[in-house]
Amino acid sequence: MATERTFSILKPDATARNLTGAVNAVIEEAGLRIVAQRRIRMSDAQAKKFYEVHAERPFYGELVEFMTSGPVVVQVLEGENAVAKYREVMGATNPAQAAEGTIRQKFAKSVGENTVHGSDSLENAAIEIKQFFDEKDIVG
Ligand code: ADP
Ligand code: MG
């Protein structure tokens, strides 16, 4: 296993309920290090581009609307096997199917408003990190 970086978003349902600290606690307890973090409002163009792989899915419009509905916290997480580790810590997309102790089981409201995003591959992690961070702002 190697040290990896993955990209994370605390979604608007998390910031709206003041859950950024509670979610970060789960991330840090899992051994992932938050090496960059910024609170932003995603523009419509940013959200559309970020989720363009889902452009043909029926929930795309709703997803873009949700991601731009309030502040989000974008993060870079670092650790051993960080991409797969964070997917495990997040839990299943649908909170009803998320394992006990995962972020989505603890906090998510629905399959759409599911508290966190995490990259699904090392390749996508690099692409997503570049969309929101300069290398100089990532402090490992
Ligand atoms: P994940 O975030 O677990 O990688 P996907 O890549 O399949 O999940 O979907 C991206 C995001 O789109 C989800 O996190 C969720 O916010 C939203 N989404 C996925 N499926 C649905 C659905 N059936 N209805 C509404 N929103 C959805
Ligand atoms: Mg995904």
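All ligand and atom numbering here is 1-based and tracks the order in the structure.
When heavy-atom distances to ligand 1 are checked against a 4.0 Å cut-off, V111 comes that close through both its backbone and its side chain. Contacts with ligand 1 closer than 4.0 Å are made by no heavy atom of H117, backbone or side chain. With a 4.0 Å cut-off on non-hydrogen atoms, K11 touches ligand 1 through its side chain and not its backbone. Contacts of M67 with ligand 1, taken as heavy-atom pairs under 4.0 Å, are absent altogether.
Under a 4.0 Å heavy-atom criterion, R87 is in contact with ligand 1.
Protein heavy atom nearest atom 10 (C) of ligand 1, with residue, atom name and distance: H54 NE2, 3.6 Å. For atom 8 (O) of ligand 1, the closest non-hydrogen atom of the protein is T93 OG1, 3.3 Å.
Counted within 6.0 Å of CD on E80, heavy atoms from surrounding residues, nucleotides or ligands total more than 12; the atom is thus considered enclosed.
Close approach to N114 involves these atoms of ligand 1, each under 4.0 Å from a residue heavy atom: 13 (C), 14 (O), 15 (C), 16 (O).
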Under 3.5 Å donor-acceptor pairs involving side-chain atoms of residues 128-140, not counting sequence neighbours:
| unit_1 | atom_1 | unit_2 | atom_2 | d |
| --- | --- | --- | --- | --- |
| E128 | OE1 | H117 | NE2 | 3.0 |
| E128 | OE1 | S119 | OG | 2.7 |
| E135 | OE2 | R5 | NH1 | 2.9 |

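Of the candidates F50, F59, Y51, it is F59 that places a heavy atom closest to atom 25 (C) of ligand 1.
Annotation: salt bridge (Lys or Arg N to Asp or Glu O under 4.0 Å) contacts involving residues 106-118, sequence neighbours excluded, comprise K109-E113.
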